[in-house]
Structure formats: C-alpha cells, structure tokens
Amino acid sequence: MTAEALDTARQLLQVRRIWAEPDALISPRGRQVLDRFPAAEIIEVDSHWKIEELHGNAGNVERWVRVKTEDLVMGVKKSLTARPNGRSADWIAPSLANGCAMACAYCYVPRRKGYANPITVFTNIDKIIGYLIRHIARQGPKTEPNQCDPLAWVYDIGENGDCSVDALVSDNVADLIAAFRGQPGAKASFATKHVNRELLDLDPQGRTRIRFSLMPEADSRLLDIRTSPIADRIAAIDDFVAAGYEVHLNFSPVVLRDGWQADWAELLRQVSDGAGEAFKAQAAAEVILLTHNRQLHEVNLGWHAKAEDVLWRPELQQAKRSESGGLNVRYRNNIKADGVRQLRELIAAETPWLGIRYAF
C-alpha cells in the first residue's frame with residue numbers, strides 16, 4: 001500500500017475491534033485483513049449479521065461515525081446469487097463487502113442493520129469469483145444492446161458498499177478486477193465517492209466501469225460525510241480513463257431544494273471544464289432522485305439532524321412500502337417527473353456530449 005493510501009486508510013479506518021466469524025479468521029483473506037490492522041482486538045462472533053453490540057444497539061447512534069472508524073467485521077458470504085437488475089447493471093453480483101467507512105446521510109444500507117453499518121468484509125473471495133465466472137459463462141454472448149451496455153453483461157460488484165474504500169481493507173476488489181480482465185463478454189461496475197489512486201495500478205483493460213458519484217458541492221458538504229471532495233472526484237476522471245477504466249457518472253441522489261437547478265448547472269460546467277476528450281467520448285450518466293426512509297430519518301436525527309432539513313420533506317414526498325417492508329419516501333410523482341425533466345434539460349445545455357443511460 002502506498003504512503004498516500006496508508007494516510008487515507010488511517011483517516012477513514014482506525015480499527016480497534018475486528019468482529020470475526022471463526023471461518024473468516026482462519027482464511028487467507030482473513031489473515032490479510034488482520035495483518036493490515038495488527039493492533040485491533042479480535043472478537044469472535046457466530047454471525048456477521050447478529051452482533052448485538054453493533055446491530056440494533058440504539059446507543060450507537062451517538063457514535064455513528066466512530067463505529068465506522070473503529071469497528072470492522074469479517075464474515076463468510078454464504079448465499080451466492082446474482083440478481084437481475086436492468087438499470088445500472090444487468091446483474092447485481094454477490095457482495096464482496098457490506099457497509100461502509102463513509103457516512104452518507106442518505107445511504108440505504110444501514111436501514112437493514114439498524115444503528116451501525118461498519119464495513120463487513122467477506123473473506124471467501126475465491127468462492128465469489130468462481131461463482132461469477134460460472135454465471136458469466138452461462139449467459140453466453142450478449143446479443144441485444146440495452147441501457148447497461150451494448151455488448152457486455154454488466155455486474156455491479158459494489159451494491160452494498162464502496163469498492164474504493166473496500167480496497168483499503170483487503171485485496172478483494174483487486175482480485176475481482178483481475179478476474180473480469182479475463183472476461184471479454186462481461187464488465188464489473190461500481191459507484192464510488194472515494195478517490196483511491198491505488199486502483200490506477202490494477203490494469204482493468206476496459207473490463208471495469210467506475211461510476212464517480214457527483215452532486216453539487218453544497219449538497220456534498222452536508223450529506224456526503226467522510227467522502228472525497230467533489231473537486232477531487234472530477235480531477236480523478238481522466239486519470240482513471242487513462243488507466244484503462246470505463247468511467248461513467250452517477251448523479252445520485254438528486255436532492256430537490258431551493259436553488260438546486262443553479263447548483264447542478266455549475267456542477268455540470270465543472271465536469272465539462274475538468275474532464276478531457278477521451279472521457280467525454282465514452283461517458284454516460286445515470287440520474288437518481290432521492291429516496292429516503294423513515295427509520296433512517298430517525299437515526300439521522302440522533303447524529304446529523306441538519307441533513308434532515310433537505311432529506312425529509314413531507315410536503316414534497318410520498319410514502320412507498322419497500323420490498324422488505326420498510327417505509328420509504330420519495331418525491332411525489334409530478335414533482336419527481338418535473339425534477340427529472342429539468343435536470344435532463346440542464347445536462348443537454350451544459351454537457352451535450354453526456355448521454356443519460358437512465359433517469360428516475
């Protein structure tokens with residue numbers, strides 16, 4: 001790990017406790033994680049999902065960021081399935097990790113865990129990669145283009161975390177990028193809010209798509225806690241293109257508040273001025289308006305109530321029951337449709353070279 005990556009890891013991850021399933025502890029990947037955090041206390045647990053001190057402990061709301069900084073969980077991924085998606089990717093791959101060291105106020109992942117979601121790293125990476133290679137082989141060639149990609153089957157490898165940060169913890173991400181390098185009919189894909197320049201050395205050869213998540217700086221300062229500054233993400237775009245990544249943009253979440261149109265127009269100008277022609281020739285974007293959640297709203301009130309001034313807007317939002325039974329809120333249909341329309345018009349005016357893969 002480079003000195004720069006070590007400094008970043010120390011800022012995001014000052015791991016004092018590693019909660020680990022026994023099989024994860026004795027695995028080669030588990031030993032690598034232990035070597036990266038040699039001073040951490042090791043606490044054996046029966047299940048990475050059932051840790052009373054972390055999950056469901058309401059007292060952790062007050063130390064939300066400390067839990068993400070000081071705690072790490074290791075487990076074995078037992079259910080290996082690729083779920084159909086059709087929006088950002090054709091398939092959602094089995095997770096390499098779950099949870100995150102960053103603390104975005106709108107993140108949906110902690111809804112399922114309750115009060116704490118530090119990184120859980122899965123150590124059986126060989127099983128995950130083997131499953132994916134077999135799954136890719138079963139698909140055969142992609143014969144019809146779609147919004148995910150015209151030629152390749154796209155697998156989202158970072159649905160429940162941020163792979164750029166996960167790469168600070170172990171070689172799981174590096175191993176998966178290497179595996180997709182040998183799969184000409186498929187691509188890995190992940191969205192990120194963290195600039196990890198160590199990924200530039202992984203030689204993806206066009207088989208990994210990185211989607212830099214962007215929002216106006218004012219929103220990011222309020223909502224994107226512990227992430228790389230927006231300017232740093234834009235500045236990294238050309239470097240990742242030069243390193244062999246396909247680079248797209250993830251405009252998510254789009255938060256509707258006073259003055260949002262002017263701030264998004266300025267962001268788009270920053271992208272247009274800051275990125276080169278090689279990026280623009282292959283660029284595409286996805287646009288996702290905010291979906292929030294009542295449980296997460298209540299959690300946020302305990303550690304970052306100011307964020308809820310823009311995230312929780314009952315006068316603009318309507319309830320929607322999630323597949324797991326949670327109460328989500330999203331902008332009312334007419335408000336959302338108008339927001340999508342206005343942002344599409346801004347993109348057409350400020351970055352006409354930027355195609356939109358989907359917007360909702």
Following the transitive rule for hydrophobic clusters with a side-chain heavy-atom cut-off under 4.5 Å over Ile, Leu, Val, Met, Phe, Trp and Tyr, establish whether [X] and [Y] coincide in one cluster.
{"X": "Val154", "Y": "Ile136", "result": "no"}
{"X": "Leu132", "Y": "Ile92", "result": "no"}
{"X": "Leu346", "Y": "Ile230", "result": "yes"}
{"X": "Trp260", "Y": "Val287", "result": "yes"}
{"X": "Val254", "Y": "Leu223", "result": "yes"}

Between Asn160 and Leu96, does a side chain to side chain contact (heavy atoms under 4.5 Å, CB included) hold up when you go through it step by step?
CA-CA 9 Å; Asn160 294 316; Leu96 304 177; over 6 Å; no
Does the side chain of [X] reach to within under 4.5 Å of the side chain of [Y], using non-hydrogen atoms?
{"X": "Leu249", "Y": "Arg211", "result": "no"}
{"X": "Met74", "Y": "Leu25", "result": "yes"}
{"X": "His194", "Y": "Leu168", "result": "yes"}
{"X": "Asp71", "Y": "Arg16", "result": "no"}
{"X": "Ile234", "Y": "Leu214", "result": "yes"}
{"X": "Met215", "Y": "Val255", "result": "no"}
{"X": "Trp19", "Y": "Leu72", "result": "no"}
{"X": "Trp49", "Y": "Asn98", "result": "yes"}

Show the numbers, then the answer: is there a side chain to side chain donor-acceptor pair (under 3.5 Å) between Thr123 and Arg31?
CA-CA 9 Å; Thr123 59; Arg31 291 195 295 270; over 6 Å; no
Between the side chain of [X] and the main-chain N/O of [Y], is any donor-acceptor distance below 3.5 Å?
{"X": "Lys77", "Y": "Ile128", "result": "no"}
{"X": "Thr69", "Y": "Val65", "result": "yes"}
{"X": "Arg357", "Y": "Gln147", "result": "yes"}
{"X": "Asn293", "Y": "Leu296", "result": "yes"}
{"X": "Gln282", "Y": "Val247", "result": "yes"}
{"X": "His304", "Y": "Leu222", "result": "yes"}
{"X": "Thr351", "Y": "Ile347", "result": "yes"}
{"X": "Ser27", "Y": "Gly30", "result": "yes"}
{"X": "Arg181", "Y": "Ile177", "result": "no"}
{"X": "Tyr245", "Y": "Ile237", "result": "no"}

Taking NZ, NE, NH1 and NH2 as the nitrogens, is one of them in [X] or [Y] under 4.0 Å from a carboxylate oxygen of the other?
{"X": "Glu350", "Y": "Arg269", "result": "yes"}
{"X": "Arg36", "Y": "Asp171", "result": "yes"}
{"X": "Arg257", "Y": "Asp309", "result": "no"}
{"X": "Arg83", "Y": "Glu159", "result": "yes"}

Full working for side chain to side chain contact (heavy atoms under 4.5 Å, CB included) between Cys148 and Trp153:
CA-CA 8 Å; Cys148 304; Trp153 297 109; over 6 Å; no
So Asn300 and Glu298, side chain to side chain donor-acceptor pair (under 3.5 Å) or not? Walk me through it.
CA-CA 5 Å; Asn300 284 350; Glu298 293 169 354; over 6 Å; no
In terms of side-chain heavy atoms, does [X] have a donor or acceptor partner in [Y] at a distance below 3.5 Å?
{"X": "Ser164", "Y": "Asn196", "answer": "no"}
{"X": "Asp224", "Y": "Tyr106", "answer": "yes"}
{"X": "Asn328", "Y": "Thr291", "answer": "no"}
{"X": "Asp263", "Y": "Gln261", "answer": "no"}

Evaluate the criterion side chain to side chain contact (heavy atoms under 4.5 Å, CB included) for residue pair Met102 and Val165; output intermediate values, then yes/no.
CA-CA 8 Å; Met102 298 184 290; Val165 178; 3.8 Å; yes
Enclosure of [X] [atom1] (heavy-atom neighbours >12, cutoff 6.0 Å):
{"X": "Glu315", "atom1": "CD", "value": "yes"}
{"X": "Gln318", "atom1": "CD", "value": "yes"}
{"X": "Arg294", "atom1": "CZ", "value": "no"}
{"X": "Asp258", "atom1": "CG", "value": "no"}
{"X": "Lys306", "atom1": "NZ", "value": "no"}
{"X": "Asp273", "atom1": "CG", "value": "yes"}

Go through Arg207 and Glu246 one step at a time and tell me if the salt bridge (Lys or Arg N to Asp or Glu O under 4.0 Å) criterion holds.
CA-CA 8 Å; Arg207 308 320 304 167; Glu246 181 181 45; over 6 Å; no
Quick one: list whatever passes salt bridge (charged side-chain N to carboxylate O under 4.0 Å, His left out) with Arg66, sequence neighbours left out.
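If we apply the salt bridge (charged side-chain N to carboxylate O under 4.0 Å, His left out) test to Arg66, skipping adjacent residues, the hits are Glu70.
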Go through His48 and Phe122 one step at a time and tell me if the ring pair (Phe, Tyr, Trp, His ring centres under 6.0 Å) criterion holds.
CA-CA 9 Å; His48 65 86; Phe122 297 121; 5.1 Å; yes
Considering residues at least two apart in sequence or located in another chain, which fulfil the side-chain hydrogen bond (donor to acceptor under 3.5 Å, both in side chains) criterion with Asp90?
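Once residues adjacent in sequence are excluded, the partners of Asp90 under the side-chain hydrogen bond (donor to acceptor under 3.5 Å, both in side chains) criterion are Lys142, Asn146.
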Taking only residues two or more places apart in sequence, or in another chain, which ones meet Thr227 in a side-chain hydrogen bond (donor to acceptor under 3.5 Å, both in side chains)?
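So Thr227 forms a side-chain hydrogen bond (donor to acceptor under 3.5 Å, both in side chains) with Arg233.
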Does the side chain to side chain donor-acceptor pair (under 3.5 Å) test come out yes or no for Arg29 and Asn124, once each step is laid out?
CA-CA 7 Å; Arg29 187 49 38 92; Asn124 54 328; over 6 Å; no
Pair Arg341, Asp338 - check salt bridge (Lys or Arg N to Asp or Glu O under 4.0 Å), show working.
CA-CA 5 Å; Arg341 178 189 60 78; Asp338 190 55; 2.4 Å; yes
Hey, would you say the Tyr155 and His135 ring centroids sit under 6.0 Å apart?
yes
Are Phe279 and Phe240 an aromatic pair by the rule of ring centers under 6.0 Å?
no
So among His297, Arg313, Gln317, Glu308, which one has a side-chain hydrogen bond (donor to acceptor under 3.5 Å, both in side chains) with His292?
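With His292 as partner, His297, Arg313, Gln317, Glu308 yield a single side-chain hydrogen bond (donor to acceptor under 3.5 Å, both in side chains), made by Glu308.
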Would you check, one step at a time, whether the test side chain to side chain donor-acceptor pair (under 3.5 Å) holds for Thr192 with Asp162?
CA-CA 6 Å; Thr192 184; Asp162 191 304; 2.8 Å; yes
